[in-house]
Amino acid sequence: MKNYTQVYVKNSIEAAQHYCHAFGAQITRAFLNEDKTAYEHCELSVNGEGFLALAEAANPCDVSLLHRMKWETMTFNVFEMGSEEAVQHAFDVLRDGGVVVHPIGALPWNRCNATVIDRYGVCWWIAI
């Protein structure tokens, strides 16, 4: 059995490219809507392993409200990223247009990690 997460965002085509850039992922399966303006379903993989699925959100989401309130109902944990440089790169990409909840730092269980709500309203905990 396998399990990975799926997010529903506005601007899903842009978001897929953004996450590919942040995490070194590749789009491995993609189904566009009839107008070819958004993903009905898109799968991203890292090193051949499923990493994240995404699709266009059907309902509007006020991302600025999420950012102001630092609202978190779910956080996506990306860990064992391999190096501090990989964490820093993902942090830089995700915070562009987003909000830093916790800057890069150390916790008792991980020496290099951060929490960011990205421009699409998705909360990420990234760690070495």
Side-chain angles (χ1 to χ4, degrees):
M1 180 184 310
K2 290 189 175 191
N3 177 47
Y4 58 90
T5 54
Q6 178 158 337
V7 294
Y8 294 87
V9 297
K10 288 297 184 185
N11 302 314
S12 57
I13 294 173
E14 176 186 289
Q17 293 301 319
H18 192 69
Y19 297 143
C20 283
H21 180 59
F23 300 111
Q26 295 179 323
I27 295 172
T28 49
R29 286 185 75 189
F31 302 91
L32 291 167
N33 64 5
E34 202 171 283
D35 299 336
K36 303 203 182 312
T37 58
Y39 285 120
E40 288 185 13
H41 181 77
C42 180
E43 296 174 11
L44 307 182
S45 295
V46 175
N47 298 323
E49 291 291 322
F51 173 72
L52 177 73
L54 62 101
E56 190 73 16
N59 298 311
C61 177
D62 186 349
V63 173
S64 65
L65 176 65
L66 297 175
H67 287 171
R68 279 194 309 276
M69 297 179 68
K70 294 185 170 109
W71 179 67
E72 301 171 52
T73 58
M74 182 178 295
T75 299
F76 296 93
N77 294 342
V78 181
F79 52 96
E80 295 182 9
M81 293 183 69
S83 68
E84 291 181 13
E85 293 78 16
V87 173
Q88 183 68 55
H89 174 75
F91 179 76
D92 291 341
V93 172
L94 296 171
R95 75 176 176 176
D96 181 21
V99 169
V100 174
V101 177
H102 296 108
I104 293 177
L107 292 169
W109 58 90
N110 191 285
R111 65 183 166 88
C112 179
N113 62 85
T115 305
V116 180
I117 301 173
D118 70 23
R119 68 174 78 165
Y120 306 101
V122 178
C123 187
W124 298 92
W125 181 76
I126 53 175
I128 195 165

Give the minimum heavy-atom separation between [X] and [Y], together with the two atoms involved.
| X | Y | answer |
| --- | --- | --- |
| A57 | K10 | O-NZ, 2.8 Å |
| E84 | I128 | N-CD1, 3.5 Å |
| R95 | D92 | NH2-OD1, 3.3 Å |
| I126 | F91 | CD1-N, 3.5 Å |
| P103 | A114 | C-CB, 3.8 Å |
| A16 | I27 | CB-CD1, 4.1 Å |

Heavy atoms of other groups near Q26 CD, more than 12 under 6.0 Å: no
Could you grab the distance from atom [atom1] of [X] to atom [atom2] of [Y], nearest 0.5 Å is fine?
| X | Y | atom1 | atom2 | answer |
| --- | --- | --- | --- | --- |
| S45 | R29 | OG | CZ | 10.0 Å |
| N77 | N110 | CG | CG | 10.0 Å |
| T28 | E49 | OG1 | CD | 10.5 Å |

Exam field: side chain T75 to backbone W125, donor-acceptor pair closer than 3.5 Å: no
N/O donor-acceptor pair under 3.5 Å between E56 side chain and S12 backbone: yes
Within one Ile-Leu-Val-Met-Phe-Trp-Tyr cluster: [X] and [Y], side-chain cutoff 4.5 Å:
| X | Y | value |
| --- | --- | --- |
| V46 | L54 | yes |
| V100 | M81 | yes |
| V93 | I13 | no |
| W109 | F79 | yes |

Between [Y] and [X], is there a side-chain heavy-atom distance shorter than 4.5 Å?
| X | Y | answer |
| --- | --- | --- |
| V101 | I117 | yes |
| V122 | L94 | no |
| Y39 | N33 | no |
| N113 | I104 | no |

Ring pair (Phe, Tyr, Trp, His ring centres under 6.0 Å) pairs, two or more places apart, involving residues 6-26: H18-Y120, Y19-Y120, Y19-W124, H21-H89, F23-F51, F23-W124
